[in-house]
Protein chains: 2
Amino acid sequence: MADSAGNQTGSRKAPLSKELVLSTALALVDAEGLDALTMRRLGQELDRDPMSLYRYAANRAALLDGVSELVLDELAIFPDDPDWQAQLRKIAHDLRLLALRHPNVVPLLVTRPLSTPLGLRPLGTLRPLEQILALLIEAGFSPAAALHVYRAYYGFLYGHILNELQEYIVDPEENEAILRLGLHRLPAKSFPHLRALGPVLADYDGAAELDQGLAILLSGLAGQLYAGQRESPS
Amino acid sequence: MADSAGNQTGSRKAPLSKELVLSTALALVDAEGLDALTMRRLGQELDRDPMSLYRYAANRAALLDGVSELVLDELAIFPDDPDWQAQLRKIAHDLRLLALRHPNVVPLLVTRPLSTPLGLRPLGTLRPLEQILALLIEAGFSPAAALHVYRAYYGFLYGHILNELQEYIVDPEENEAILRLGLHRLPAKSFPHLRALGPVLADYDGAAELDQGLAILLSGLAGQLYAGQRESPS
DNA sequence: GCATAAAGTCTACAGCGTAGAGAATGTGTC
DNA sequence: GACACATTCTCTACGCTGTAGACTTTATGC
């Protein structure tokens with residue numbers, strides 16, 4: 001029988017591995033937010049001394065990177081899809097759902113790379129970039145053009161996700177109430193439009209919003225592709 | 001004569017106010033990063049006991065919000081500009097420069113709103129939203145359409161800024177070296193395109209990249225405006 | 001001069017990441 | 001079995017964090 005606290009699987013003590021540590025960390029972040037992910041707390045969750053975690057992550061920052069990587073691994077990209085626009089649309093929606101599934105990880109996804117030069121980032125983080133480049137080059141973009149397209153696309157995508165998470169609250173009922181209350185607080189003379197938009201703000205359709213933006217962006221980017229191909233036909 | 005450490009202005013002791021606290025906090029973040037902004041350190045910077053800060057910010061989170069607000073206050077928006085597209089382009093470039101001036105604050109700008117429902121955010125943070133709505137409605141968009149346009153525009157804009165800050169390193173010389181070194185580290189078989197793009201990655205023109213994306217987005221959004229006007233002419 | 005309010009300070013506490021030394025456990029070889 | 005060795009885990013301790021609560025100092029009004 002176990003000594004004191006019950007661990008999850010019932011086995012005497014889980015064998016502990018990088019995967020287990022990271023997935024437990026992710027579960028903790030999903031359940032209680034980024035702040036809850038402390039070495040001590042994670043150790044407690046795994047029924048181990050906090051210091052034992054340092055065998056699987058050099059420090060807390062590395063732990064955070066590991067969680068980012070783990071989440072990004074959920075994203076499947078098919079670089080060989082002949083319809084590059086459809087593929088980009090699919091990736092966008094997949095990433096959106098991923099973000100909604102792990103909202104507490106999004107700040108990590110967005111800010112960790114800011115403190116790590118591109119060349120030194122965890123490989124898992126660079127995989128989407130590489131694969132989307134492959135997709136675009138396959139579609140006929142020059143490598144340099146593919147990079148530009150990637151930037152516009154991924155920029156827009158991350159922007160949308162941040163936007164949506166900012167507006168969406170976990171509890172939809174509370175959402176409307178808080179929204180009403182919050183908007184009411186705004187000075188009527190300095191925030192007339194925002195206050196008037198209360199009802200519109202309340203029902204937000206993220207997927208539709210994303211589609212609309214993507215339609216604009218992709219048609220614009222496709223135009224560049226055709227223009228480029230006419231200039232220098234293969 | 002002062003007791004021990006020299007304070008900045010030479011006056012015996014600065015009078016201390018919310019403005020002074022926040023601007024000192026911003027300076028500290030700009031100079032040494034977000035982590036350097038601790039209550040103790042800020043108190044030391046102001047030559048005061050750390051606890052005295054709580055008279056001007058309820059807690060550290062409020063301090064961070066204050067810094068965000070302070071930075072966003074640097075952004076000038078002219079909601080009466082008859083050329084809405086030009087104004088949006090100008091705002092975009094202004095915000096980009098703002099981000100480059102305060103790169104350490106960008107994570108704050110991006111993540112703080114994620115933990116605060118829209119209705120409860122600091123007013124200074126909502127001002128750009130309100131003013132851009134005004135601009136768009138003035139330009140002929142319906143309020144609801146203006147909100148959608150704002151979302152697409154601001155989403156793209158924030159995405160671009162994150163992208164650019166991710167790729168740009170403070171020290172440009174070191175940048176290229178690290179980039180080369182980092183890319184070299186990538187497995188050649190799994191990251192062929194990314195490795196090949198080294199030279200292209202090295203010279204990044206953020207302003208041009210932003211312009212290109214804006215051109216696509218704005219022309220697409222303008223199309224929606226005309227379509228909407230034809231459907232329901234005033 | 002004295003009451004009242006405002007501003008600033010002191011002390012203390014629980015929690016944090018993690019360095020460094022040590023104990024426990026597994027594994028291969030005789 | 002016994003030993004050697006490497007791996008894994010734990011213990012203790014240090015300096016740092018945010019901030020609650022009581023206290024002291026300073027400014028203000030009469």
B/His148-A/Glu209 side chain donor-acceptor pair, cut-off 3.5 Å: yes
Which nucleotide in C/dC10, D/dT8, D/dC11 has an atom nearest any side-chain atom of B/Asp49: C/dC10
Geometric class of the A/Tyr150/A/Tyr154 ring pair [parallel <30°, tilted 30-60°, perpendicular >60°]: parallel
Protein-nucleotide distance (A/Met39, atom CE; C/dG17, atom C1'), rounded to Å: 7 Å
Value in whole Å for how far the C1' atom of C/dG17 lies from CG of A/Leu42: 13 Å
From C/dG8, D/dG18, D/dC9, nucleotide with atom closest to A/Tyr56 side chain: D/dC9
Euclidean distance, atom CZ of residue A/Arg55 to atom P of C/dT18 [Å, nearest integer]: 15 Å
Among C/dG20, D/dG18, D/dA20, the nucleotide that comes nearest once only the side chain of B/Thr38 is considered: D/dG18
N or O in side chain of A/Ser52 less than 4.0 angstrom from D/dT10 OP1/OP2: yes
Spacing between A/Arg41 atom CZ and C/dC16 atom P, to the nearest angstrom: 10 Å
Donor + acceptor pair across side chains of B/Arg40, B/Gln44 (<3.5 Å): no
B/Glu32/B/Arg41 ion pair, N-O < 4.0 Å: yes
Distance, rounded to the nearest Å, where B/Asp47 contributes CG and C/dA7 contributes P: 18 Å
D/dT8 phosphate, OP1 or OP2, under 4.0 Å from A/Tyr54 side-chain N/O: no
Between A/Glu74 and A/His102: side-chain donor-acceptor atoms closer than 3.5 Å: yes
Nearest-neighbour nucleotide for the A/Arg60 side chain, C/dC10, D/dT19, C/dG17 considered: C/dG17
Integer-rounded Å distance: C/dG15 P and B/Asn59 CG: 18 Å
Separation of C/dG17 C1' from A/Leu37 CG (nearest whole Å): 12 Å
Closest-nucleotide 5' rank along DNA chain D - winner of A/Pro50 and B/Met51: A/Pro50
Under 3.5 Å donor-acceptor pair, A/Arg40 side-chain atoms to C/dG17 base atoms: yes
Rounded interatomic separation in angstrom, taking CZ from A/Arg48 and P from D/dC11: 12 Å
